[in-house]
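Here the structure comes first, spelled out in structure tokens, and everything after it is commentary.
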Amino acid sequence: MPRFIHGELEQKILMLYVFSRLAEPVPFETALDLCLCDDGIRYFDFTERLHELVDTGHILFSDTKLYSITDKGRRVAEICEEELPYTVRVRCDRNTETCNRALRRQEQVRSSVEPRANGTFTVRMVLDDDIGNLMDLQVVAPKEPEPPEP
């Protein structure tokens, strides 16, 4: 893979560019995969820059261990995105769009198990699309379902 990113500043700009295009907060591993799109940034570079961006308030690390861009980070990403080579931006856009589709899909299919007063459980599955709710299925179960095996 060609190397277009050189130095700490360009690594931070790349990371802010990627985070600015994400639809939702993401875990560390997802952010890492999206930002390792150029040989100019490696694992330890990414980790160090991410902590620096969190410390300066450009990236937010939530209690749920997810990372997202702040308004401050979004403004810097907008101003500096032209500094990134075009090929890197195209690769980042393609990768983040794939990630955003997966994130939206996770939001559209939800399930839960809720205990009832009589000792049984309600198993609920909700399916949405881009317009609204398609299905909300609730089934009573006599005992709590077993989690599926990996």
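Distance CG/L53 to NZ/K72: 10.0 Å, rounded to 0.5 Å. Of the inter-residue distances, the one linking E82 atom CD with I13 atom CD1 reads 11.5 Å to the nearest 0.5 angstrom. Taking CZ of R74 as the start and OG of S68 as the end, the distance is 8.5 Å to the nearest 0.5 Å. Atoms CG and CD, on L66 and E24 in that order, are 9.5 Å from each other to the nearest 0.5 Å. Between the SG atom in C99 and the CG atom in D33 there is a gap of 9.0 Å [rounded to 0.5 Å]. Expressed to the nearest 0.5 Å, how far CD of Q108 lies from CG of N133 amounts to 11.0 Å.
Following chains of ILVMFWY side-chain contacts shorter than 4.5 Å, one cannot reach V88 starting from V90, and the two form parts of different hydrophobic clusters. L60 and V18 fall into different hydrophobic clusters, defined by Ile, Leu, Val, Met, Phe, Trp and Tyr side-chain heavy atoms under 4.5 Å apart, directly or through other members. Residues M125 and F121 do not share a hydrophobic cluster, clusters being chains of Ile/Leu/Val/Met/Phe/Trp/Tyr side chains in contact below 4.5 Å.
Minimum heavy-atom separation, A77 to I69: CB-CD1, 4.5 Å. Taking each heavy atom of M15 and C35 in turn, the nearest pair found is CG-SG, 3.8 Å. Considering every non-hydrogen atom in both E81 and R89, the closest pair reads O-CD, 3.4 Å.
Contact of the E83 side chain with the L9 side chain is not registered, since no non-hydrogen atoms from C-beta on lie closer than 4.5 Å. Considering only heavy atoms from C-beta on, N100 comes within 4.5 Å of L22 through its side chain. Within the 4.5 Å cutoff, side-chain heavy atoms of L16 are placed close to those of I59. When side chains are defined from C-beta on, D136 counts as touching Q138, because their heavy atoms get closer than 4.5 Å. Looking only at side-chain heavy atoms (C-beta outward), L14 and F46 stay at 4.5 Å or farther from each other. Residues L32 and L50 fail the side-chain proximity criterion, which asks for heavy atoms closer than 4.5 Å. The shortest distance between side-chain heavy atoms of L34 and F19 does not fall below 4.5 Å.
Salt bridge status for R21 with E97: absent, with no side-chain N to carboxylate O gap under 4.0 Å. Between E78 and R75 there is no salt bridge, since no side-chain nitrogen of the basic residue lies less than 4.0 Å from a carboxylate oxygen of the acidic one.
Between the S111 side chain and the R124 main chain, no donor and acceptor come within less than 3.5 Å of each other. T120 places no side-chain N or O within donor-acceptor distance of the main-chain N or O of V140, the cut-off being under 3.5 Å.
Sorted by first and then second residue, the ring-ring contact (aromatic ring centres under 6.0 Å, His included) pairs involving residues 60-91 (not counting sequence neighbours) are F61-Y67.
Partners of E114 according to the salt bridge (Lys or Arg N to Asp or Glu O under 4.0 Å) rule, which considers only residues two or more places apart in sequence or in another chain, do not exist here.
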